[in-house]
Structure formats: structure tokens, C-alpha cells
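Note on naming: letters A, B, ... go to the chains in the order of the sequence lines (proteins, then strands), and numbering restarts at 1 for each one.
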Amino acid sequence: MSLNLHERLSTDGSFRLLHLTPELLEVLKDSNSKLQFKAAGNDEDDGDVVLCSRDKTWLLRQKNHSNTVMLMHEFTPEQETSLETTFGLPNPTSDFAGFARTTFEYETKKVSGIINLDSVPVHNGSLDFPPADGQDLPVKSMDDLLASSACSEKECLSQWNQLGGCTVKGYPCILSSDFLSKALHVTLMSAMAESLDFSRLKLDETFDAVNKDMDQDSNPYTREVIKTTLEKYGKRVKDDDDCWQLDQKKVAEWYGIRALRKYASQSSIPPAEFLIKWKSTFPPYAPFDIEIEMLRGWFFRPTGSNLQYLSKNTLPSDIKERFKMLFKLQSQWDMDDIAPFVEELNTKGLKIDVFIMKYARKRRVGKKFIISSR
Amino acid sequence: DEIRIWVRYKEGFSDAVRKNVAWSSLWS
Amino acid sequence: MPSVNVSKRQLQTLLQSDQHQTSVSTPLGNMMLEIQGDLEVPRQWHEDQRFTTDGEHQMVRWGLLHIDTARNNATLFVGRKQRLLGSLVKLDTPLGLIKFNQQDGTVEMQDVFHYKVLFKSRPLPIM
């Protein structure tokens, strides 16, 4: 087969070549799917370009190369092309014309999409939020939030729910830790008062229960706030929109962390005493089981078995410094107690004991592994 | 012959460099 | 915070029927040609039989590509003096051909390449 090759005198610089992984090819084949190029940030060249389907995000990486790549399209010449007889080959059967050249390809690397929370305010339940005209709020809707995040829609919403994201009069905001705790407490008490089923909490019923006998003018627990509370502390019931199963373990842990902060920040507390304090923070008759081990990653034991609150946010981000600090606070640790304080720095994804062994010493004492400094 | 149609050969092939993509470069 | 949807209108029938490229050109008539070197071609019109016009486009005929489909070998004659030996190569990762329209800010995926014609060897003289 012989082909005449031509090139346009003026080529088109608007073409690009994009690596299509098997996952991307599947997205293309699905007629209901959509693909979108996005750049995060507030300025056109601020953030990196990503490609998003409904539930996945790929980072674009430009791979330059040194070859000539010509993109060509078959065409039928208007005039019969004069035959090149120099080469003694069969007469060409078709003609192709180069319409573009490229010196790079866009590789596509699957990444975890990250929601963009710059400019999303924290809402503490104040009735003054949002300001009357909303002009001070750059992110005016959930569509704005999604458009400014280098993230697929599904990843964005999932992170949003876990962070306590909410909308107040349509404006996206993050509920403050204190406000979320109050909303959870009020929701639990109201749900128990109305004998609602924790495994099937419907938004309408829960909202009505919370708002029963509430003065609407000073009530910060809007439908959206209740929904945010259910999203953060529950799991959506399959095939039932607006219905959640309360995650009792997650709720108990939330109360436990706040109890540690309240009763064990300045000085340590015996475990038995702490359990009583923890239980006392729940709404009366709340049916949640509690165990100290649920709060691993939130306490250390300065002396013997006493507990004292410790937040990862106060620890160094350098791994060696972090271990140094942890051993200064507590000279010997159970493997299970220290792991939650260091695993976020295990960026290479090693097995956690292998990772810890790079920076500490492990010895077996009875049935347990004790971690201490090298 | 002022009409020059020619391949200037390159001994090697390089494609190691990769960089993130800025929005404006998609359109330029 | 810019964003743009990727239109796949042109590809739709191709993708639905699961047709894809199995030879030199795609079902939609596109071909990807790669040469290890710089290909010099005139950018100005000359009164010469190699220069033609097709619709609004002026173009120059610069080469002849011969494919031995049985062996996937390819020979490229460039100008009147050079001959390159190469082959039809299956791409490790298919490449989408995407057009970014600056005028209206739209983006369209126009085709998918599964093969390219690649010439990596030093050009030989034509005897």
C-alpha cells in the first residue's frame, strides 16, 4: 500500500495528544459519562490542570520529546496528484495531509481529587451568617465550590460531608467543631425523645424532632445543618435518599475526643475515671458503647496507665522529630497506641511496623510489642 | 533546488522531562 | 477556576460500535507519523507540481509512504533523496486526539490512535 504524504503550509497548533488509560477509555465509552478539564485555584494559571469524570481525577503531566510527530488526515485531492515515479513503487492509493505537529503528549496520572476550601468560611451557628448580600463570600454556591476544586464531583462531596460542610442560604460553609458538637447533641437528644430509630434516621423526621418547641427566629439548626450532622455521623441507607444509619462508634469517638480535651488536657486522668467522665458527656440514656482503645491517636500515657490528651496537630511534621517528641512524652509505647500518631507520615505506604522500625526499637514483652527510642 | 524537503536525523530520543500543565498552555 | 467539558460527539459512533484502529489509519481517517529527527518542509508557496491547494489549504507533497501490511514494515521516501525504514507500532497507551478551540473555548476529542508509523533509523540515500 502506498500513500502520498502532504503537509499544509500552515499547520494547526490547537491539537493535543492525551494518554487514554483503560479507565479513561471506559469513561469515554459510557455515553452518560462526562469528562471535564479543570484548573484549581482562583487565578487562571494558579493551579495544575486536571481531568475529571464524575468520580475520578487525573493529573495532566506534559511529556516533551525530541521527535517529529505529524498528525495527518486522509483526503481526496481536487486535482490528480502527479505520480512520483522515482521509486518504482505501486501507484499511491490515497493521500494524507499533515494538519498538525506535536512535540509533547499529556500523560494522565490518577490522583485523589482534593476539595478547595480556600475562601469557604467557618460557621459557628451565629444567626448573622451569611451577610445580607453575600458579597464578602467568594464561593457563592456548591457549583462554585466544585468548579474551583481540582476534584471530581463524587470526591468533592465525599470530602465535604466528612469535613462538616454545609450550606446556609445556599452559601457553602464548614460548621465549626463546637457548633457541630452542639448540633449532634441536640439531634441525639431530640431523636431519643421522639423514639426515632438510630439505624434509620430520616431527615424530615429528625429535623422536625430537633425543631419541636424551638423558637424559629433564634434556631440555628436548619434542615441543612441537620443534614450535615447526619452526613458526618452516619451512613446513607442504600436505596433510600435522605435516610441515614447513625455511626454509633464514630459518635462515641467524637464525644471521647472532646472529653479528653476537656478533662485530660492540663493533667492526666486514670482510665476508669475518664470512662465515667466520657459517659457523662453523652445525652442521658444514650446507648453508645465506649472503650479507651477507640481513642487511640488522641492520648498518651505520661505515667503508668493514666491518660492525657495529645493532638497530632501539635506534633512536628518531620518524622524523626515526631518520634523524638513522642518518646519524650512517653518513653515506651504499645505499637497500637503509637501507630496512629505516625502513620500519616508513612507516605511510601510501608507496612506500619516496618515503617516504625526505621525510627524506633521494637521488643516483645509477653504478648505485646513495646516501642521505644533507638 | 530552493525547495528543501529533508529529514535532519537525531542520534538519540529524549522524553524524560515531565511537568504539570497550566490552563493557559492548553489554549496557546 | 476555569473548567471546560470535553465533547466526544465525533467519537460517539466509533466508541459505541467498539471499532478501533487496527492499521495505519483510524476508522475516522487519521494517521500518526513519527520520525526521529527534524522534518524540514517548505512553508511558502512555490510554483511547483508538489504544491497544491485543497479547499482553503495550501499544501506541499513531501513524501511517499509504503506499508508492507503483511509484515507491518514501512518505508518512507522523503523529498527526492532520502529513504527511511520503519514500522507500524502499537501504542502502549492509546492517544486521544483533542482539539482546543481558542475562538469559542470548546474542547473536542476527535479520534483515538492505537498505532503509529515510526521511523527511528538514520535516513538512507536513494540510489
Is there a side-chain contact (heavy atoms from CB on, under 4.5 Å) between W58(A) and V50(A) once you walk through the steps? CA-CA 6 Å; W58(A) 292 265; V50(A) 295; over 6 Å; no
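- Ranked by heavy-atom pairs under 4.5 Å with chain A, the list I98(C), V6(C), T75(C) is led by I98(C).
- No part of F119(C) comes within reach of chain A, as not one of its non-hydrogen atoms sits under 4.5 angstrom from that chain.
- Heavy-atom distances place the backbone of L28(C), and not its side chain, under 4.5 Å from chain A.
- To the nearest 0.5 Å, the span separating SG on C156(A) from CG on L146(A) amounts to 5.0 Å.
- For the set K38(A), M72(A), E74(A), E107(A), the count of heavy-atom pairs under 4.5 angstrom toward chain C peaks at M72(A).
- When heavy atoms are compared at a cutoff of 4.5 Å, L24(A) does not approach chain C at all.
- The distance from the OG atom of S149(A) to the CG atom of L117(A) is 7.0 Å, given to the nearest 0.5 Å.
- Heavy-atom distances place the backbone of T76(A), and not its side chain, under 4.5 Å from chain C.
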Give the C-alpha distance, both sets of side-chain angles, the deciding distance and a yes or no for salt bridge (charged side-chain N to carboxylate O under 4.0 Å, His left out) between E224(A) and K169(A). CA-CA 9 Å; E224(A) 287 74 23; K169(A) 292 179 188 149; over 6 Å; no
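- Scanning residues 101-108 of chain C against chain A with a 4.5 Å heavy-atom cutoff picks out V107(C), ordered by number.
- In this structure, the portions of K99(C) lying under 4.5 Å from any heavy atom of chain A include both its backbone and its side chain.
- With salt bridges taken as basic N to acidic carboxylate O contacts below 4.0 Å, none links D48(A) and R61(A).
- For S33(A), the parts lying near chain C are the backbone and the side chain together; criterion is any non-hydrogen pair under 4.5 Å.
- Of the residues considered (I35(C), T93(C), V24(C)), I35(C) shows the highest number of contacts with chain A, using heavy-atom pairs under 4.5 Å.
- Contacts of F15(A) with chain C are made by both backbone and side-chain atoms, with heavy-atom separations under 4.5 Å.
- Among all heavy-atom pairs drawn from P172(A) and M142(A), the shortest one is CG-N, 3.8 Å.
- Relative ring orientation between H73(A) and F99(A) is described as perpendicular, the plane-to-plane angle rising above 60° on a 0-90° scale split at 30° and 60°.
- In terms of heavy-atom proximity, R16(A) sits nearest to Y106(A) at NE-OH, 3.3 Å.
- In this structure, chain C has heavy atoms under 4.5 Å from both the backbone and the side chain of F37(A).
- The aromatic rings of F179(A) and H123(A) sit perpendicular, their planes meeting at an angle over 60°, well past the 30° parallel limit.
- Ranked by heavy-atom pairs shorter than 4.5 Å toward chain A, the options S25(C), S3(C), G55(C), G37(C) are led by S3(C).
- A distance of 10.5 Å separates CE of M31(C) from OG1 of T26(C), quoted to the nearest 0.5 Å.
- Shortest non-hydrogen contact noted between G29(C) and F96(A) is O-CE2, 3.7 Å.
- V27(A) touches chain C through its backbone: at least one of N, CA, C or O sits under 4.5 Å from a heavy atom, while the side chain does not.
- Between chain C and the options V49(A), T108(A), L28(A), heavy-atom pairs under 4.5 Å are most frequent for L28(A).
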Under the criterion side-chain contact (heavy atoms from CB on, under 4.5 Å), I'd like the reasoning laid out for D48(C) against R61(C): C-alpha separation, chi angles, the key distance, then a yes or no. CA-CA 10 Å; D48(C) 180 282; R61(C) 177 164 52 78; over 6 Å; no
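- Every residue was checked against the side-chain hydrogen bond (donor to acceptor under 3.5 Å, both in side chains) condition with K120(C), not counting sequence neighbours, and none meets it.
- Contacts between D12(A) and chain C at a heavy-atom distance below 4.5 Å involve the side chain alone, from C-beta outward.
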